[in-house]
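We use all heavy atoms of the structure for the numbers below, so side chains are in, but hydrogens, waters and symmetry mates are not. Remember, predicted model here, so these are calculated numbers, not experimental data. Counting starts at 1 for both ligands and their atoms, in listed order.
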Amino acid sequence: MRDASPQTIYLKDYAPFGYVVEEVHLTFDLAPSATRVMSRIRFAPNPDAKDTAFFLHGENLSLISAKIDGDAVKPTLTDTGLTCDVPNVPFTWEAEVQIDPAANTALEGLYQSNGMYCTQCEAEGFRKITYYPDRPDVMSVFTVRINGPHPVLLSNGNPVASGDGWAEWHDPWPKPAYLFALVAGELVAHRDSFTTMEGRDVDLALYVRPGDEGKCAFGMQALKDSMKWDEDVYGRAYDLDVFNIVAVDDFNMGAMENKGLNIFNASAVLASPETSTDSNFERIEAIIAHEYFHNWTGNRITCRDWFQLCLKEGLTVFRDSQFTADMRSEPVKRISDVIVLRAHQFPEDQGPLAHPVRPESFQEINNFYTATVYEKGAEVIRMLKTLVGDAGYKKALDLYFDRHDGDAATIEDWLQVFEDATGRDLTQFKRWYSQAGTPRVAVTDSFEDGTYTLHFAQHTPPSAASPKPQAQVIPIAVGLLGPDGDEVLPTHVLELTDDSQSFSFPGLAAKPVPSILRGFSAPVVLDHTPDHAFLLAHDTDPFNRWEAARNLAKASLLGTIMQGTAPDTAWLDGVAGLLTDDALDPAYRGYVFAMPGQSQLAADLHEAGTTPDPDAIWASAEAHRKALAGHMADALPDLYARHQVDAPYAPDAGQAGQRALGNTVLSLLTLLDGGEAAQAQFDSATNMTQQLAALACLIRAGRGDAALAQFEAQWKHDRLVMDKWFGLQVIEADPDDAADTAKALTQHPDFNWKNPNRFRATLGTFSAHHAGFHAKDGSGYTLLADWLIKLDPVNPQTTARMCSAFQTWRRYDAIRQSMIGKELERIASTPNLSRDTTEMITRIREA
Ligand code: BES
Ligand code: ZN
C-alpha cells in the first residue's frame, strides 16, 4: 500500500512502546504462496511508557485470527498495522497470518530465492512476517518452530529439537525483531568449530547451495579469525552454541547480522581462487568480520531507535577496519578507507542528500544506511580514539559493554561512557553527530626566530540539513620535516576547537616542511598546498606520502583539463620512483599509482568554480596513463616479470599485493604493446584475479571480443563470475559506447534484472562510468531512469539506493542539468512510486 503523502518520523518524537514483550513463540507452516505464521506473544504494560495504545506493525499480511488470553478479538486493521483493545495487566496475544513469500520480490520479510526461504528483517521487515511492535527498543526472547519439507530448517539461537519436516530453535538472548531470521531449503553445510576463551564449544556452519561446497573454506577461516580477534582485542566472546551463516543469491545488501544466523549475499561469502579476485577475498573477510562483530556491537547492545543507527554501524565499520588493518596492512587499509570515504561520503555530505551521522528525521529508514552513517560514523569513532588515546578508548569500550549489555542504547549513552571513563568533556565533540557537512581546514604558516607556527582556520559550508554549522573538535596529526628531508618533529596530535587557531613549534634551526593530517586524522578537506614532491620523497607517514602522490596527480590532471598542459614530470618521476622502489609494500605501490577518480575530479573542478566536462576529464585521465606508460616504458617489462607469483595461489595480503602491482603494470604495458602481454596472461591465468585483470586490459585495448566470448563460455554456469562479466564490459567501455554496451547487456538472456547483484553489476556499474553515464546526448540518464522506473515496483530498496547516481547533478552544465532534471521529474511522476524512491528523488531534486 502506498502513502499518498509519506510521513516524516522525527528523533525528537521518540517515546517508548506501551508494552514490554516478555516472550515470543512463532510457528511457521511453510508454503511458497501461502505460508502460515502463528504467533503467541506475552505482553505486559510498560511502566515507563505514557502512551498505552496497543499498535502492532503489520504490512501485506492476511489476518486469519487473533486472540487475547484465548478469546477471539477483532482488531482494527490499517495499511501499516493494527490496533486493539487490550487489558491493563499482562496478557497473551495470539495471531495467525498468511503471507506470500513467492511473490515477495522486494526481498524484505520472508521471501524465496532459488526455491529456498530466507528472511531480511532489518530495518522494518519483520512487520511483513507477522503483527508485532517492530521497533528496536522492544526486545524479547524468541522460540521458533518451523514446519516444512526442507532438509535444512534454521532460525536464531540454539537448536532445541528437530524431526522429519520440523525443527525448533530457542534464542536465549533478548533481541529486537529486526534480528529475527529463518532459512529453509536444500542446503549443504560446511562445518567447523571454535572454542571460545570462556571454554564454550561453538559449532560453526556455512550453509550453501549444492555445488558451492568448494567456495566455503575461506569464509569459514575468516569467521574463526574474527571470533579470535574480538576476544583478543575487545575481550568479547561468542555467546551461543552454534553460529550459522547462510549464502543466498538474491539479497539487497551485502550481509545481515541476525543473531546466531547471519545471512549473506552469496557474493559476500563464497570464494575460490578460480572464481574470486583478491579484492573479493578481502571484502569477504571484512564482511564476515563486520557481521560477526555486530554480535556485541548491535545485538547484545542494540539501538534505541533507527536514528541511532551509527551506534552499531559506525562502530562496527570501525571495528572491521581495525581487524583488516591487523590482518593485512594498516597503511593500505587506511588509504583504501579514505578513497571510499572521499568517493561516497564526501559527495553525500556536500550535496542534496547531506545529513548528520545521526539524522534527525526520515521518511524511509532504508534510505539512511548511508556512507555518512557508516563511513563518517566510523571516522568519528576513530577521532574519538585519537583524542582519548588507546588506553582511554579501551576503558570506555569496557565500560560500554559493561553498562549497556542488553540495552537498546543511544549516542548519548555512547558518549557518556567516554566522558565517565576518561573525564573528557565531549559536549563540543558531539557536533560530529549532529552537524552535516564536511569541514574545510585552511592552513598557513610562518617562521620567525626559530619558531615555526601553523595557523588553521576551519569552516563547514552550510547546508539545508545544517544551516549554521559551528566549529568542531578536529584532531590534526602533524609531523615536521627539515629541509634535508629528515623528520624534526614526529607525529603530534593538535586539537583544533576554534574557528581559527595557531600552534607554535620553537627551537627549530630552519623552516620545516609540515606534514599535516597524517593518517587522515579527521574526515575534513585540507586547503593547503605544500611541496607535494618533497613530501612524496621524504614523508615518514605512509598515508601522507600516498596523499602527496595523489595531490601531484590531481594538480596535473586538472592542469590538463583546464589549461591543456602536459602531464607533470614531478608526478611522473615521483610515481615512477615509488613504483620501482622494492623496499615498499607492493600493495602500497599499487595505490600510489592510482589516480583520483574521474567523479572526484569533477567534484574538484566544481569546487574550484569550473563546470566539469566529463569528456575532458576522461581525456586527461587517458593522457596521464599514456604519459606514465611512456615515461616508464623501459622499466615496465621487468617490473611486470618481477611481480608474478609463482607459488600456489593464496588470497593473503602478500600475494594479493604482488598481483595488484603486477596488474597495474600490465595495464600500463597494454598501452605500449597493444595487449600482447595481457593476451598471454589471459591465456595462462589460473586464478580469477589474473584472468579478470587481463580481460580488462584486452577490452581497453579494443581486442576483447574473443576473450569475452571465451570467458562467457567458461563461466556461464557461475552467477557470481557472470556478474563480473556483465560489469567489466560496462566499466571498461569507451565513453561513447558505455550506454549502448549496458543497454545491449540488459537484452542478454542472463540479464536477470530482479536479481540485485546482476542489476547492480550492469546498471550500477554503468552509473559509476563517469564519462559514459554523463554522455552529452543524455542517453545515460535516460537508460538509468528507464531501469529505475522498471525496478521500483519490484524492489524499492535497491531502486532507491541507485538514485544516488543523480545526487551530483548540480555540478554539471546547464544542458546536462536540464536533461537530468527531466529524468528526475519523469521518475517522480511515475504512478505509485515507492516511498523509498520518492524520498530519494524528492531530496535530490531539491538541490
Ligand atoms: N545491518 C547491515 C545490513 C543491512 C543494511 C540491513 C541495510 C538492512 C538494511 C549489515 O551489518 C551491514 O552493514 N552490511 C554491509 C556490509 C558491511 C561490511 C558494511 C552491507 O550489507 O553492505
Ligand atoms: Zn553493519
query = What part of Ala255 sits under 4.0 Å from ligand 1 if we count only heavy atoms: the side chain, the backbone, both or neither?
reply = backbone
key: Proximity to ligand 1 by part of Met253, non-hydrogen separation under 4.0 Å   = both
Contact check: Glu313 to the Zn ion (ligand 2), N/O/S below 2.8 Å = yes
Could you give the distance from [atom1] ([X]) to [atom2] ([Y]), rounded to the nearest 0.5 Å?
{"X": "Arg209", "Y": "Asp212", "atom1": "CZ", "atom2": "CG", "result": "6.5 Å"}
{"X": "Leu206", "Y": "Leu270", "atom1": "CG", "atom2": "CG", "result": "7.0 Å"}
{"X": "Tyr374", "Y": "Lys312", "atom1": "OH", "atom2": "NZ", "result": "5.5 Å"}

Protein heavy atom at shortest distance from [atom]:
{"atom": "atom 15 (C) of ligand 1", "value": "Glu291 OE2, 4.1 Å"}
{"atom": "atom 13 (O) of ligand 1", "value": "Tyr374 OH, 2.7 Å"}
{"atom": "atom 7 (C) of ligand 1", "value": "Tyr369 CD2, 3.1 Å"}
{"atom": "atom 8 (C) of ligand 1", "value": "Glu122 O, 3.1 Å"}
{"atom": "atom 21 (O) of ligand 1", "value": "Gly254 N, 2.6 Å"}

Atoms in ligand 1 flagged as close to [X], the criterion being non-hydrogen separation under 4.0 Å:
{"X": "His294", "answer": "11 (O)"}
{"X": "Gln120", "answer": "6 (C), 8 (C)"}
{"X": "Met256", "answer": "1 (N), 3 (C), 6 (C)"}
{"X": "Ile287", "answer": "18 (C)"}
{"X": "Glu257", "answer": "1 (N), 2 (C), 10 (C), 11 (O)"}

task = If a pair satisfies salt bridge (charged side-chain N to carboxylate O under 4.0 Å, His left out) and one of its residues is in residues 291-302, list it, with sequence neighbours excluded.
result = Asp239-Arg300, Arg300-Asp405
remark   = Contacts satisfying salt bridge (charged side-chain N to carboxylate O under 4.0 Å, His left out) that involve residues 359-375 (not counting sequence neighbours) are Glu364-Arg835
Geometric class of the Phe368/Phe362 ring pair [parallel <30°, tilted 30-60°, perpendicular >60°] = tilted
query = Would you call the rings of Phe520 and Phe346 parallel, tilted or perpendicular, where under 30° means parallel and over 60° means perpendicular?
reply = tilted
inquiry  = Consider side chain to side chain donor-acceptor pair (under 3.5 Å). Of Glu379, His344, Gln345, which one does Thr372 pass it with?
reply    = Gln345
task = Could you tell me whether Glu231 and Arg236 make a salt bridge, using a distance below 4.0 angstrom between a side-chain N and a carboxylate O?
result = no
Looking at ligand 1, does any of its N/O atoms fall within less than 3.5 Å of an N/O of [X]?
{"X": "His290", "value": "yes"}
{"X": "Gln797", "value": "no"}
{"X": "Glu313", "value": "yes"}

request  = Report, rounded to 10°, the angle at the Zn ion (ligand 2) between the two atoms NE2 (His294) and NE2 (His290).
outcome  = 100°
message = Is the terminal nitrogen or CZ of Arg127 (NZ for Lys, CZ for Arg) located under 6.0 angstrom from the six-membered ring centre of Tyr132 and within 45° of that ring's axis?
response = no
inquiry  = Can you see whether Phe194 has Lys228 sitting over its ring - NZ or CZ less than 6.0 Å from the centre and within 45° of the normal?
reply    = no
task = Run the contact test for Lys312 against ligand 1 with a 4.0 Å cut-off on heavy atoms, strictly below, and give the result.
result = yes
